[in-house]
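Note that the structure is a prediction, hence the values are computed from the model and not measured.
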Amino acid sequence: MPPDALEIALLARLIEHGTSPESTRNRALIRRYETAGWLMPSSRRNEWLVRDEARLHIRSRLAKLLPDWEADFKLLRAHGLDPRKPQDIEALPALRRPAVAKGKINRRNWKSAAGLGPKRKSMLKTEATLTSDWVMRLRPNKGLLAKWEDGSTDLWEMAQSWTECPIPQRQWLNLREFAGTPPAVVITCENLGAYIDLPLPENALAVFSPGKHTEIAIGLLAKLPTSKWVHFGDLDPEGLEIVGQISRVSGREIALYIPSFATEYVELGMAQKKNVVWEIESEHPVLKALAKRSEGLYQEVFMLDTRLEEEMAELSGYARPTYS
C-alpha cells in the first residue's frame with residue numbers, strides 16, 4: 001500500500017464525518033494528530049473528534065498529500081469506490097489512466113492492469129466481459145449439436161475423435177443454444193478419473209464438475225432444461241455439500257447417484273477416507289453406514305465394477321438396439 005493511502009483515507013473520514021474510530025492501523029496517525037491539537041477524545045470508546053479550530057489544518061494536510069482530492073474523491077465514488085478506505089485510494093492511479101479493455105479479458109489480468117491486484121473484491125467499471133477462463137469438459141450424448149454465433153458443432157462426432165469435448169469459457173459465451181437430440185440425463189462427475197472412465201450409454205451426457213467449482217455444471221444444466229440431472233460424486237460430507245450447491249443454484253431437486261451395490265464396498269472395508277466427521281444426517285443405508293463408521297467412499301472405487309454400466313443404462317432409460 002502506498003505510504004500516504006492510510007493517511008488520506010483517515011483525513012477523508014475526518015473531513016466528512018468529523019470523527020474517526022481508532023484502530024491498530026491508524027493509531028500512530030491518531031496520536032500524531034492529537035499531539036498537534038487536531039483531535040480530542042470522544043465520549044465513545046476509541047473514537048476521536050476533530051477540534052473546530054483544526055478543520056482548516058486537516059484540509060490543508062489533505063491538499064498537500066492529494067492536491068486534487070475533491071475531484072479524486074468524486075472519481076472514486078463514480079466507480080463505486082470509497083475514499084475513506086485505504087485500499088480504494090490505491091485505485092486512483094489506475095482511474096486516472098484507465099486500462100483499455102474491450103471484448104473479453106481475464107478477470108485477474110484486468111484487476112492487475114487496473115491497479116487493484118488479483119484478489120481485490122472491488123472492481124473498476126469496464127464494458128469488457130471478464131472471464132476466469134475455465135474449460136468445460138463434457139462427454140456428449142449422440143445427436144447433440146452446439147450452435148455458436150458463427151456456426152455449429154456436432155459434439156458427438158467431436159468426442160469420437162477427441163474422447164471428450166473441451167469448451168473454453170470464451171467459446172461457451174458464444175453458445176446460442178444446444179440443438180439436435182438433448183441428453184436423457186446429465187451426469188455431473190466430481191472427480192476427473194470417474195468422469196473419463198464412466199461407462200456412458202449413447203443417450204447420456206457427463207460433465208466434469210471439479211469439487212466445489214460448480215459454475216460449469218450449473219451453466220450447462222441451465223442450457224439443457226429438459227434433461228434429467230444426476231450427480232455422481234464422493235460419498236462423504238463434502239460430496240453431499242457439492243450436490244446440494246448445484247441443486248440450490250440450478251433450482252433442481254437433489255438427485256444423487258449411489259450405486260445399488262455400494263453397501264458391499266462399505267461392508268468390505270473399501271472406504272479410503274477415515275475419521276470423517278458426518279454432520280449431515282441421511283436415511284440412505286449407505287450414507288448411514290458410512291456415518292456410523294466415520295468413513296467416506298471416493299467414487300473411483302466403483303469404476304471397475306461391471307454393474308456400473310448396467311446402472312448407467314437404467315439411469316438414462318437406454319435400450320440397446322437389437323438385431324435380428
Side-chain angles (χ1 to χ4, degrees), residues 104 106 131-234 239 242-243 245-246 250 252 255-257 259 298-318 320-321:
K104 302 179 182 72
N106 181 274
T131 63
S132 52
D133 288 302
W134 45 253
V135 176
M136 177 184 291
R137 299 180 64 170
L138 58 85
R139 294 174 57 200
N141 60 291
K142 188 172 184 178
L144 186 65
L145 307 176
K147 291 198 170 183
W148 318 102
E149 293 178 357
D150 56 355
S152 64
T153 302
D154 186 320
L155 298 178
W156 170 264
E157 291 298 328
M158 178 181 179
Q160 300 316 293
S161 299
W162 287 30
T163 305
E164 59 178 334
C165 294
I167 304 177
Q169 183 186 15
R170 298 193 188 201
Q171 179 65 11
W172 175 257
L173 293 173
N174 293 328
L175 180 70
R176 291 171 51 197
E177 62 178 349
F178 285 115
T181 306
V185 60
V186 175
I187 304 171
T188 52
C189 286
E190 179 182 345
N191 299 309
L192 180 59
Y195 155 75
I196 286 292
D197 287 333
L198 189 65
L200 281 181
E202 291 184 349
N203 65 341
L205 178 152
V207 59
F208 178 42
S209 180
K212 295 182 180 179
H213 299 285
T214 56
E215 174 188 358
I216 294 172
I218 292 165
L220 179 66
L221 289 171
K223 292 288 189 180
L224 294 168
T226 63
S227 299
K228 182 171 72 173
W229 164 60
V230 173
H231 182 73
F232 181 30
D234 295 336
I242 290 167
V243 68
Q245 183 178 351
I246 296 175
S250 68
R252 296 188 180 223
L256 177 63
Y257 169 63
Y298 291 122
Q299 66 179 133
E300 291 92 341
V301 75
F302 305 118
M303 298 313 297
L304 298 184
D305 196 305
T306 56
R307 291 170 290 183
L308 186 62
E309 183 174 4
E310 299 173 9
E311 295 203 354
M312 288 294 105
E314 292 175 7
L315 198 64
S316 64
Y318 180 70
R320 293 182 179 275

Starting at [atom1] of [X], measure out to [atom2] of [Y] and round the result to the nearest 0.5 Å.
{"X": "I218", "Y": "Q245", "atom1": "CD1", "atom2": "CD", "value": "6.0 Å"}
{"X": "S209", "Y": "L192", "atom1": "OG", "atom2": "CG", "value": "12.0 Å"}
{"X": "L145", "Y": "F178", "atom1": "CG", "atom2": "CZ", "value": "10.0 Å"}
{"X": "I246", "Y": "T214", "atom1": "CD1", "atom2": "OG1", "value": "5.5 Å"}
{"X": "L155", "Y": "Q160", "atom1": "CG", "atom2": "CD", "value": "11.0 Å"}
{"X": "C189", "Y": "L200", "atom1": "SG", "atom2": "CG", "value": "7.5 Å"}

Between [X] and [Y], is there a donor-acceptor pair closer than 3.5 Å when you use the side chain of the first and the backbone of the second?
{"X": "D305", "Y": "R307", "answer": "yes"}
{"X": "Y195", "Y": "T188", "answer": "no"}
{"X": "N141", "Y": "E202", "answer": "no"}
{"X": "E164", "Y": "R137", "answer": "no"}
{"X": "D234", "Y": "E190", "answer": "no"}
{"X": "K104", "Y": "Q169", "answer": "no"}
{"X": "S316", "Y": "N203", "answer": "no"}
{"X": "D154", "Y": "E157", "answer": "yes"}

Looking at [X] and [Y], what are the two nearest heavy atoms and their distance?
{"X": "P183", "Y": "L144", "value": "CD-CD1, 4.2 Å"}
{"X": "M303", "Y": "A194", "value": "CE-O, 3.5 Å"}
{"X": "P225", "Y": "R252", "value": "CA-NH2, 3.5 Å"}
{"X": "I196", "Y": "R139", "value": "O-NH1, 3.1 Å"}
{"X": "K228", "Y": "L315", "value": "NZ-O, 2.6 Å"}

request  = Decide yes or no on side chain to side chain contact (heavy atoms under 4.5 Å, CB included) for W229 and L220, but give the supporting numbers first.
outcome  = CA-CA 11 Å; W229 164 60; L220 179 66; over 6 Å; no
Given side chains that start at C-beta, do those of [X] and [Y] come closer than 4.5 Å, heavy atoms only?
{"X": "I167", "Y": "L175", "answer": "no"}
{"X": "H213", "Y": "W134", "answer": "no"}
{"X": "P166", "Y": "M158", "answer": "yes"}

query = Which of parallel (below 30°), tilted (30 to 60°) and perpendicular (above 60°) describes Y257 and F232?
reply = perpendicular
query = Does the side chain to side chain contact (heavy atoms under 4.5 Å, CB included) test come out yes or no for E311 and F302, once each step is laid out?
reply = CA-CA 12 Å; E311 295 203 354; F302 305 118; over 6 Å; no
request  = Verify side chain to side chain contact (heavy atoms under 4.5 Å, CB included) between L198 and L308, making sure each step is shown before the conclusion.
outcome  = CA-CA 8 Å; L198 189 65; L308 186 62; 4.2 Å; yes
request  = Apply side chain to side chain contact (heavy atoms under 4.5 Å, CB included) to I216 and V207, showing your working.
outcome  = CA-CA 8 Å; I216 294 172; V207 59; 4.2 Å; yes
ask   = Would one find more than 12 heavy atoms of other residues, nucleotides or ligands at under 6.0 Å from atom NZ of K147?
value = no
